[in-house]
Amino acid sequence: MTKLIAAAKQEGTLNVIALPPTWANYGNIIKAFAKKYGIKVVSQNPEGSSQDEVNAVKSENGTSKAPDVLDVGMAVALVSTSLFAPYQVSTWSSIPAAQKDPKGLWTQDYGGYMSVGYNSAKFGTITSMSQLLGPKFKNSVSLNGNPTAANAALNGVMMANLAAGGTADSIAKGVDFFHSLKQAGNFVPVQATPATIKAGTTPIVLNWDYLNTASVVGQGANWKVFVPSNAELAGYYAQAVNKTAPHPAAARLWEEFLYSQTAGGGQNLWLQGGARPVEMTAMTSDSSIDTSAASALPPVTGTTVFLTPTQATSAATYLSAHWAQAVK
Amino acid sequence: MAVAATTTAAGARPVRAGRRPSLAWLGTVPFLGYVAVFLLLPTGIVLWNAIRNPTAGGFELSNLKQLFNSTERSYFTGSLELSAASSVIAAVLGAILAYAVASGNPDGVVRRLYLSGSGVLAQFGGVTLAFAFNAAIGPTSGFLFHAGWYYNFPAGIGLIYTYFQIPLMVLVFLPAIDGLKAQWREACENLGGSTWQYWRHVAAPLLAPAFIGATLLLFANALSAYATIQAWENQISYTVPQQIYIAINSEVGLASNAGDVLALGMVVMVAIIMIGYFLLQRRAARWLR
């Protein structure tokens with residue numbers, strides 16, 4: 001570890017990509033890493049998508065500005081492993097086996113549950129997805145993007161699907177739910193952002209819980225978030241190191257920092273941003289977890305559903321043929 | 001120069017007494033270079049990618065069959081509906097407005113105000129326009145909120161498009177109305193023609209090519225608009241440009257070369273419109289000299 005720190009300091013720079021400062025506390029994580037090790041963090045295209053990250057690795061291959069490390073969705077991670085260098089962090093054993101590549105080509109880092117965020121001053125308390133079809137939710141319900149393009153939106157439809165009694169193998173009931181939502185006049189096709197929430201255009205947003213917290217969307221105590229009890233759908237992002245990283249030691253030190261279980265380490269910093277770190281179970285049992293941040297998460301009690309790559313692909317294929325027709 | 005060259009060379013041996021090639025064509029090099037880099041090259045790349053087999057390499061025309069799937073067709077229908085609705089409405093309203101402006105004082109403040117205002121508003125689009133509409137008329141204002149129809153396609157987004165289409169119509173149609181000479185009307189009246197007859201037999205036939213040409217321009221303008229509809233109807237693809245975005249950026253595994261195929265379809269559509277526009281402009285220009 002000492003040798004790794006020395007080598008990383010020698011390199012002096014770390015290139016990261018597609019890490020929005022308000023996303024899962026990344027703004028503070030980057031600052032904390034830069035301060036702790038005195039390494040300059042260059043953040044490229046913070047609003048980019050997972051696909052943009054992989055595209056940048058390819059197009060900037062061999063240059064000093066190529067991204068050293070990636071934080072990508074699983075769909076992209078699984079088809080891009082030829083670009084990654086295997087690396088196992090020192091806390092490797094705390095990560096559940098299902099959430100990492102055996103060689104360490106990718107390792108899931110943090111995730112969350114699909115949730116419903118809403119303005120309780122306007123609507124009172126909401127507890128289930130089926131309520132959203134009611135007449136008081138006219139022009140109110142919005143996704144985070146187009147489900148045929150954005151992973152968060154696809155999972156929003158999948159959450160509706162599970163809540164309507166569907167299974168992870170077929171997203172059809174979720175598409176039917178949105179069809180009913182559109183028929184009821186409750187669906188809003190505008191891209192949900194903190195600005196549209198503030199303006200009242202999208203007062204109800206289906207999104208990952210860590211992107212739906214009051215502080216991320218810029219709302220006060222009236223903004224409530226819940227995970228529907230019959231549709232507990234989780235999704236994780238994954239870390240990977242660029243095989244041809246211009247700063248290989250800094251890249252690996254960054255991974256060590258992100259998976260560190262200390263009070264100021266990456267795992268607790270993600271938790272403070274409302275995301276669930278991958279080592280959460282291990283950290284809860286050895287009490288290294290930030291308990292106040294953990295108790296602020298929306299409660300989850302039932303059986304968690306994870307989409308397998310096959311289920312995600314079949315959902316996307318179904319959506320590409322049926323989504324637009326259902327909500328037009 | 002040419003003469004001097006022949007006389008000096010004449011004594012030595014017979015040379016071709018031709019003129020030196022004119023270098024005037026050099027003046028068009030920047031323009032042709034611009035067209036090559038920003039029009040021909042991208043079109044070529046789109047064509048190349050559209051017919052290439054993404055996995056096996058080589059070329060195949062079967063990619064283009066995608067254009068005729070019912071899903072793909074629906075994006076073209078959507079683009080056509082939206083462009084037709086917004087361009088026809090904007091053309092009619094813009095033409096009336098242009099006539100009103102033209103019949104005022106040609107050096108007056110009102111005319112200058114309208115022209116500079118139209119120049120600015122014709123470029124006002126994208127996310128800014130979507131938010132401005134939202135704040136002024138949409139949900140935030142409270143006005144019409146419960147109607148909800150402005151999320152309907154193409155009514156809602158078509159209405160938003162007219163905000164930049166009408167000013168564009170005023171700009172492109174005003175020269176045609178200015179071209180109507182007062183003498184023509186006087187001649188018509190001298191011959192006993194009524195106002196209706198003047199419009200029916202003189203003004204309308206004269207203005208028709210310019211009007212249809214301007215409508216086609218608006219149509220192409222709406223066809224290629226992307227940012228406005230992407231901000232307003234983000235979660236549903238109605239138009240071809242929206243679907244091209246998905247084909248390029250999908251992070252759920254739907255990215256494919258369909259983007260290039262759709263883009264090729266757009267190129268063909270715009271080419272047809274522009275040829276029509278060119279023919280009509282040529283006809284209209286006869287009367288505007």
Side-chain angles (χ1 to χ4, degrees), chain A residues 48-55 72-76 78-79 138-140 142-157 178 182 185-193 195-196 198-203 309 312-317 319-328, chain B residues 66 69-75 77-78 81 127-128 130-142 144-154 156-157 160 227-239 242-256 258-259:
Chain A
S49 70
S50 295
Q51 191 59 44
D52 290 337
E53 296 183 47
V54 169
N55 292 347
V72 288
M74 284 312 297
V76 172
L78 289 170
V79 296
K138 281 250 180 288
N139 299 317
S140 298
S142 166
L143 289 165
N144 177 19
N146 183 320
T148 60
N151 193 37
L154 180 143
N155 280 279
V157 181
F178 275 89
K182 171 76 183 181
N186 294 0
F187 180 64
V188 178
V190 179
Q191 164 79 63
T193 63
T196 60
K198 188 164 195 167
T201 315
T202 58
T313 311
S314 89
T317 313
L319 287 169
S320 75
H322 297 95
W323 172 253
Q325 304 306 325
V327 289
K328 267 180 185 171
Chain B
Q66 293 178 70
N69 292 345
S70 67
T71 320
E72 272 67 25
R73 267 208 325 261
S74 76
Y75 304 126
T77 322
E81 275 177 41
V127 181
T128 343
F131 273 95
F133 180 82
N134 186 19
I137 296 162
T140 313
S141 67
L144 291 177
F145 180 37
H146 291 290
W149 61 267
Y150 42 70
Y151 294 132
N152 291 352
F153 184 89
I157 186 72
I160 298 177
T228 315
I229 188 165
Q230 193 61 4
W232 196 248
E233 307 275 12
N234 173 269
Q235 291 156 44
I236 312 158
S237 283
Y238 287 107
T239 63
Q242 285 183 290
Q243 190 58 24
I244 292 175
Y245 165 83
I246 287 178
I248 297 171
N249 287 299
S250 177
E251 58 179 24
V252 300
L254 297 174
S256 69

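Here is the naming used below: chain letters follow the sequence lines, and residue numbers restart at 1 for every chain.
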Contact winner vs chain A - B/Ser70, B/Ala231, B/Gly78, B/Ala247, heavy-atom pairs under 4.5 Å: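 The answer is B/Ala231.
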Please rank B/Tyr245, B/Tyr75, B/Tyr238, B/Phe131 by heavy-atom pairs under 4.5 Å with chain A and give me the top one. B/Tyr238
Please give me the minimum heavy-atom distance between A/Gly145 and B/Gln235, naming the atom from each residue.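 Closest approach of A/Gly145 to B/Gln235: O-CG, 3.0 Å.
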Measure the spacing between CH2 of A/Trp323 and CD1 of B/Ile246 and express it to the nearest 0.5 Å.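 Here the interatomic distance stands at 11.0 Å.
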From NZ (A/Lys328) to OG (B/Ser74), nearest 0.5 Å: 4.0 Å
Please check if the side chain of B/Glu251 supplies one atom and the backbone of A/Asn151 the other of a donor-acceptor pair under 3.5 Å. yes
Looking at A/Gln191 and B/Trp232, would you say the former's side chain and the latter's main chain have a donor-acceptor pair under 3.5 Å? no
Check whether [X] gets within reach of chain B through its side chain, its backbone, both or neither, counting any heavy atom under 4.5 Å.
X: A/Val188; answer: both
X: A/Ala153; answer: neither
X: A/Thr313; answer: neither
X: A/Leu143; answer: both
X: A/Asp52; answer: side chain

Heaviest contributor of heavy-atom pairs below 4.5 Å to chain B, chosen from A/Ser142, A/Ser50, A/Ala192, A/Ala326, is A/Ser142
Tell me, do B/Thr71 and A/Ser320 make a side-chain contact under 4.5 Å, heavy atoms counted? no
Is there side-chain contact between A/Phe187 and B/Ile236, with heavy atoms separated by less than 4.5 Å? yes
